[in-house]
Amino acid sequence: MGFRFRKSIKVLPGVRVNGSKKGVSSLSVGPRGAKVNVGRKGTRTTVGIPDSGLSYSSYQPHSSKRRSRANSRSQCLYQLSSDQEVQQQVGMSPLLGIG
């Protein structure tokens, strides 16, 4: 089992900065019973009844225009192969020196 490190610092009433061994991980804002936590990967909103243990939480990932390197590479290879197929079907392969 691995060790984890986490630290939460109260900046103002209702505002916390959460940190881990890699640095600042998220920012939590809200009064007791309602929180919005904005992190690197997305936003979590939690509403609950204090001291009851009853709460509702929803998560919304940030939309990312960047893709992972492996995903981008596979998409490029797929696009290249489909472009070559189209060129062969249209008859442009001899003109471009492909195939």
Exercise. How long is the span from the CZ atom in Arg44 to the OG atom in Ser58, to the nearest 0.5 Å?
Worked result: 8.0 Å
Exercise. Does one hydrophobic cluster hold both Val17 and Leu12, with members joined at side-chain heavy-atom distances below 4.5 Å?
Worked result: yes
Exercise. Nearest 0.5 Å, what's the OH-OG1 distance between Tyr56 and Thr45?
Worked result: 9.0 Å
Exercise. Is there a side-chain contact between Lys22 and Phe5 (heavy atoms, below 4.5 Å)?
Worked result: no
Exercise. If you take all heavy atoms of Pro50 and Gly33, which pair is closest and at what distance?
Worked result: CG-CA, 4.1 Å
For this session: Would you please say whether a donor-acceptor pair under 3.5 Å links the side chains of Asn18 and Ser26?
Result: yes
Exercise. Stepwise, does the side chain to side chain contact (heavy atoms under 4.5 Å, CB included) test hold for Tyr59 with Lys41?
Worked result: CA-CA 10 Å; Tyr59 179 74; Lys41 296 180 181 179; 3.5 Å; yes
Problem set entry | Flag side-chain contact, heavy atom, 4.5 Å: Arg40 against Val24 | no
Seminar exercise, completed: Taken to the nearest 0.5 Å, the spacing of Asp51 CG from Arg32 CZ works out to 4.0 Å
For this session: May I have the step-by-step check of side chain to side chain donor-acceptor pair (under 3.5 Å) for Ser20 and Arg6, ending in yes or no?
Result: CA-CA 5 Å; Ser20 67; Arg6 185 180 160 279; over 6 Å; no
For this session: Verify whether one side chain among Asn37 and Thr43 offers a donor that lies under 3.5 Å from an acceptor in the other.
Result: no
For this session: Taking Lys35 for its side chain and Val29 for its backbone only, find out whether a donor-acceptor pair lies under 3.5 Å.
Result: no
For this session: Kindly work out whether a path of hydrophobic side-chain contacts (I/L/V/M/F/W/Y, heavy atoms less than 4.5 Å apart) joins Leu27 to Val36.
Result: no
Exercise. For the side chain of His62 and the backbone of Val38, is there at least one donor-acceptor N/O pair under 3.5 Å apart?
Worked result: no
